[in-house]
Amino acid sequence: MEFKKSQKLYKKGLINLVGAVNSPVRAFSSVGGNPLFIKKAKGSKITDVDNNTYIDLVLSYGPMILGHRHKKVQKAITKALKNGYSFGASTENEIKLAKIVCDAFPGMDKVRFVNSGTEAVLSGIRLARAFTGKDKIIKFAGCYHGHQDALLVAAGSGLATLSLPGSKGVPEGAVENTLIATYNDLESVKAHFEAHDDIAGVILEPIAGNMGVVVPYTNFLKELKTYLESKGALLIVDEVMTGFRSKFGGAQELLGVTADITCLGKVIGGGFPVGAYGARNEIMQEVAPLGGMYQAGTLSGNPIAMAGGIATLTELKRQNPYDKFNETAQVIEEFLLNSANKYKVDVTVNRFGSMVNPFFTNVTVTNFEQAQTSDTKKFATFFWAMIKNGVFLPPSQFEAWFLASALTKKDLKKIAKAIDKAMEAVSKM
Ligand SMILES: *Cc1c(COP(=O)(O)O)cnc(C)c1O
């Protein structure tokens with residue numbers, strides 16, 4: 001397998017782009033080597049500029065849940081393109097996508113579309129503060145909520161991979177109202193409420209995917225919600241990754257919890273830049289033009305993006321692939337555990353719905369500290385062996401692998417073979 005053209009583009013890219021990438025997770029910092037440049041993708045496969053084709057378990061970090069270039073999505077956006085790209089005024093498709101979203105999430109009477117997950121969460125946080133009149137927000141170590149200043153502390157994947165404690169350029173004042181708790185530990189939340197009386201709410205990934213996959217214990221979210229209600233604080237569920245992925249109604253549907261404020265992104269745009277935040281009417285009443293919380297966007301509700309979102313979600317609802325995702329993830333877990341056993345490599349596998357990944361550790365992983373016991377050098381070896389055997393993974397130990405409904409039985413066989421080869425390579429380190 002050759003990467004000559006990717007290498008060449010990487011060198012060229014370094015001149016006018018930062019690290020030749022537009023998001024640090026795409027750099028291969030933690031696995032060594034240089035990033036691959038992609039030429040095209042179709043269905044479950046992705047092809048780089050050297051014409052190497054891989055089964056894609058990155059899926060643009062989640063959005064491409066149907067696989068790449070699904071016929072119905074392509075048709076919808078091609079049709080939308082003919083009418084214009086952006087108007088700065090309302091279109092009917094915004095209403096259609098809003099209805100699909102509000103029907104899927106019982107806690108959302110109204111929704112506001114934005115252009116990214118980061119924007120969705122920063123607006124959701126502002127809304128929680130506007131509604132409660134309180135300033136402090138609790139987040140969990142290892143959860144990532146986009147790159148806004150206030151939440152860029154103890155923020156999982158990208159930062160964990162680069163071993164940054166937070167980020168340069170974030171003033172202390174921006175994080176002084178952010179409190180950090182431990183995932184799966186309600187007591188750590190309660191301790192903050194005992195010390196502070198101005199907490200607006202708690203934000204979390206309902207199933208964490210940005211420290212690798214970390215699953216909440218059975219009633220964690222329910223207990224958290226009940227406790228927050230008793231304190232008059234809001235539950236802000238960041239479903240940017242899990243929305244329409246864990247279930248059509250997100251992790252909330254699966255876990256039997258209704259958020260006060262829900263943030264969405266990734267799958268909702270089917271590969272186009274769409275984010276959203278929403279809540280019940282009483283809370284959304286705060287948002288301008290109805291209320292005094294300002295939030296705006298020149299390209300928000302972009303007609304091409306709305307068409308992509310509607311087509312993706314409509315097809316997703318029709319396919320209802322969630323049971324199949326679960327079965328497929330279980331099969332991948334078995335591949336990983338069986339080959340780890342065969343080659344005597346310490347591996348813990350976490351999975352939930354269509355998100356799965358191995359940690360190279362013998363520790364059970366239920367929080368960020370435990371996730372960090374993983375041997376990232378072993379992951380790097382594993383990663384490159386998977387690439388060489390035709391499977392594209394996120395280039396970080398602390399990212400989930402994502403499944404698409406386009407994945408075939410044949411793909412699974414190839415994944416099994418690649419895992420066996422990759423685990424063997426790890427055992428020889
Ligand atoms: C990806 C992600 C974000 C940020 O979304 P962007 O579209 O990258 O800004 C926020 N929260 C979670 C849980 C995510 O996975």
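Atom set for the values below is all heavy atoms of this structure, side chains included, hydrogens, waters and symmetry mates excluded. Whatever order the structure lists ligands and atoms in, that order sets their numbers, starting from 1.
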Are the aromatic rings of Y227 and F193 close, with centres under 6.0 Å apart? yes
Which of parallel (below 30°), tilted (30 to 60°) and perpendicular (above 60°) describes H196 and H192? tilted
For the residue pair F140 and Y183, does the interplanar ring angle fall in the parallel (under 30°), tilted (30 to 60°) or perpendicular (over 60°) class? perpendicular
S300: partners by side chain to side chain contact (heavy atoms under 4.5 Å, CB included), with sequence neighbours left out: N115
Write out all pairs satisfying ring pair (Phe, Tyr, Trp, His ring centres under 6.0 Å) with one or both partners inside residues 104-127, taking only residues at least two apart or from two chains. F105-F244
Protein neighbours of ligand 1 with a heavy atom under 4.0 Å, given by chain and number, are S116, G117, T118, Y144, H145, G146, E205, N210, D238, V240, M241, K266
Could you list the residues that satisfy side chain to side chain contact (heavy atoms under 4.5 Å, CB included) with R126, not counting sequence neighbours? L122, M293, Q295
